[in-house]
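Notes follow the structure.
Just so we're clear, the structure is a prediction, and the values are computed from it rather than from any experiment.
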Amino acid sequence: MTKERAHLNLSDDLDISEFLPVKKERNRETELKTLEKVAEQSGFVSRKNKSQRRRKPQSPFKNQLNLKCRDGIKELFQDIGEQLGVHDHTTFEQALLALIEKNGLNDLLQRYREIAK
């Protein structure tokens, strides 16, 4: 009992045009607006900030300096800055300037002033 398979008749001209994808004209901008409108009506609100973020001028403080110090010195340093009402980088620069001036290091004072312009 042998079963014969049906033969494929590949000689027929087949119309495969109905299987081709249909190209639709899409207007992406219109689709997004419609989608946003439907989302708002459904109660979904955009998380995007409505106002544009303003760019701040680039900070001159770019390099990081890590130091090891004794217990309590870091807190003392931060307290000094807090009492002066300045950030740590400004406190550090003021301390450096005071150290240079106290020891009369005039060549380094000129260099400090050029850097801190």
Side-chain angles (χ1 to χ4, degrees):
M1 226 186 195
T2 60
K3 291 185 180 180
E4 295 239 354
R5 291 183 145 187
H7 294 288
L8 294 176
N9 194 359
L10 299 177
S11 61
D12 290 343
D13 290 332
L14 297 175
D15 183 20
I16 60 169
S17 61
E18 63 186 61
F19 296 110
L20 295 176
V22 179
K23 292 184 181 179
K24 293 181 181 178
E25 291 290 323
R26 286 189 174 185
N27 188 348
R28 180 108 170 118
E29 191 173 315
T30 308
E31 284 182 5
L32 286 176
K33 286 180 182 177
T34 306
L35 186 61
E36 286 175 4
K37 187 177 178 182
V38 170
E40 278 185 29
Q41 290 172 351
S42 300
F44 292 97
V45 185
S46 174
R47 295 181 187 175
K48 213 177 350 177
N49 192 355
K50 300 275 184 212
S51 63
Q52 289 288 336
R53 183 177 164 201
R54 294 182 188 166
R55 289 200 152 232
K56 295 178 183 178
Q58 199 171 21
S59 173
F61 304 98
K62 298 175 188 173
N63 298 318
Q64 187 170 353
L65 174 66
N66 296 315
L67 301 170
K68 286 190 175 188
C69 58
R70 295 182 179 132
D71 291 336
I73 294 292
K74 178 181 177 182
E75 291 78 15
L76 176 64
F77 180 79
Q78 291 172 337
D79 290 341
I80 292 169
E82 190 175 317
Q83 286 190 8
L84 294 174
V86 295
H87 295 285
D88 287 349
H89 53 79
T90 306
T91 305
F92 178 75
E93 286 188 356
Q94 288 178 358
L96 194 59
L97 177 61
L99 186 62
I100 291 170
E101 288 175 343
K102 179 184 174 196
N103 291 311
L105 305 170
N106 293 329
D107 55 331
L108 296 178
L109 180 62
Q110 181 61 32
R111 190 166 142 202
Y112 171 86
R113 290 190 174 140
E114 287 175 10
I115 294 169
K117 282 182 187 175

Are Leu97 and Leu99 connected into the same hydrophobic cluster when the rule is that any two of I, L, V, M, F, W, Y join if their side-chain heavy atoms are below 4.5 Å apart?
no
May I ask whether Leu96 and Ile80 are part of the same hydrophobic cluster, defined by side-chain heavy atoms of I, L, V, M, F, W, Y residues being less than 4.5 angstrom apart, directly or through others?
no
Rounded to the nearest 0.5 Å, how far does [atom2] of [Y] lie from [atom1] of [X]?
X	Y	atom1	atom2	answer
Leu105	Gln110	CG	CD	13.5 Å
Asn106	Ile100	CG	CD1	10.0 Å
Glu101	Tyr112	CD	OH	8.5 Å
Arg113	Leu108	CZ	CG	12.0 Å
Asn103	Leu109	CG	CG	11.5 Å

Can you list every side chain to side chain donor-acceptor pair (under 3.5 Å) pair that touches residues 80-100, not counting sequence neighbours?
none
Here the side chain to side chain donor-acceptor pair (under 3.5 Å) pairs for residues 57-77, sequence neighbours left out, are Gln64-Asn66
Would the number of heavy atoms belonging to other residues, nucleotides or ligands and lying under 6.0 Å from CD of Glu31 be above 12?
yes
Identify, with sequence neighbours excluded, every residue that meets side chain to side chain contact (heavy atoms under 4.5 Å, CB included) alongside Leu65.
Leu67, Phe92
